[in-house]
Amino acid sequence: MKSRILICNDDGIYSPGIASLAKVASRFGDVRIVAPDVEQSSMGHAITSSRPLRYRRTPLPGGFEAYRVNGTPADCVALRHIFMGAG
């Protein structure tokens, strides 16, 4: 069974390094990218409680399964069950 790898950052879904990291990580398992829709530096542990969170599948170079979230990096990780299943 391949490992399931979640990639999230605080620089946003369109940061130049996220697809490169996914490419390398894909050698070790199935990769899903879930990242904020905009840059969220210094917001890594913050959570969104003032509005509903929304996500949208987003095409990235390399054809990786990727989603952008209108929240913080912590929101992205908390929503991992949507993208990767429970467990």
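We use all heavy atoms of the structure for the numbers below, so side chains are in, but hydrogens, waters and symmetry mates are not. Quick caveat, the model's predicted, so the values are computed rather than measured.
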Novice: Taking N70 for the side chain and R54 for the main chain, is one N or O donor matched with an acceptor at less than 3.5 Å?
Specialist: yes

Novice: For P36 and C76, which heavy atoms make the closest approach, and how far apart are they?
Specialist: N-SG, 3.5 Å

Novice: Looking at G71, is its backbone amide N or carbonyl O close enough to the side chain of T48 to form a donor-acceptor pair, meaning the two atoms are under 3.5 Å apart?
Specialist: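 Flag not set: sc T48 to bb G71 has no pair under 3.5 Å.
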
Novice: Apply the test side-chain contact (heavy atoms from CB on, under 4.5 Å) to residues C8 and V34: give CA-CA distance (whole Å), side-chain angles for both, the deciding distance (0.1 Å), then the verdict.
Specialist: CA-CA 5 Å; C8 182; V34 184; 5.5 Å; no

Novice: OG1/T58 to CG/D37 distance, rounded to the nearest 0.5 angstrom?
Specialist: 8.5 Å

Novice: Indicate the atoms forming the closest heavy-atom contact of G12 with A35, along with that distance.
Specialist: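 Nearest pair, atom of G12 first, then A35: C-CB, 4.1 Å.
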
Novice: Looking at every non-hydrogen atom in both residues, tell me the closest pair between S42 and D10 and how far apart they are.
Specialist: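 Minimum heavy-atom separation between S42 and D10: N-OD2, 3.8 Å.
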
Novice: Restricting to non-hydrogen atoms, name the atom on T72 and the atom on M43 that form the minimum distance, rounded to 0.1 Å.
Specialist: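 Heavy atoms only, the tightest pair is CB-O, 3.9 Å.
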
Novice: For residues D11 and I18, determine if any side-chain heavy atom of one lies less than 4.5 Å from a side-chain heavy atom of the other.
Specialist: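 With C-beta onward as the side chain, the pair stays apart.
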
Novice: Minimum heavy-atom separation for S15 to N9, with atom names?
Specialist: OG-ND2, 2.9 Å

Novice: Working to the nearest 0.5 angstrom, can you tell me the gap between I7 CD1 and E65 CD?
Specialist: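 Nearest 0.5 Å value for the CD1-CD distance: 12.0 Å.
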
Novice: Going hydrophobic residue to hydrophobic residue with side-chain gaps under 4.5 angstrom, can you get from I5 over to Y67?
Specialist: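 They do not share one cluster, since no chain of ILVMFWY contacts under 4.5 Å joins I5 to Y67.
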
Novice: Please check if V69 and I47 belong to a single hydrophobic cluster, counting links between Ile, Leu, Val, Met, Phe, Trp and Tyr side chain heavy atoms closer than 4.5 Å.
Specialist: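 No.
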
Novice: Rounded to the nearest 0.5 Å, how far does NZ of K2 lie from OG of S26?
Specialist: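 These two atoms lie 7.5 Å from each other.
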
Novice: If hydrophobic clusters are built from ILVMFWY residues whose side chains come within less than 4.5 Å, do F64 and F28 share one?
Specialist: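 Cluster IDs for F64 and F28 match.
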
Novice: Are V38 and Y55 linked, directly or through intermediate hydrophobic residues, by side-chain heavy-atom contacts shorter than 4.5 Å (ILVMFWY only)?
Specialist: no

Novice: Locate the shortest heavy-atom distance separating Y14 from R68; write the atom from each residue and the value.
Specialist: OH-NH1, 3.1 Å

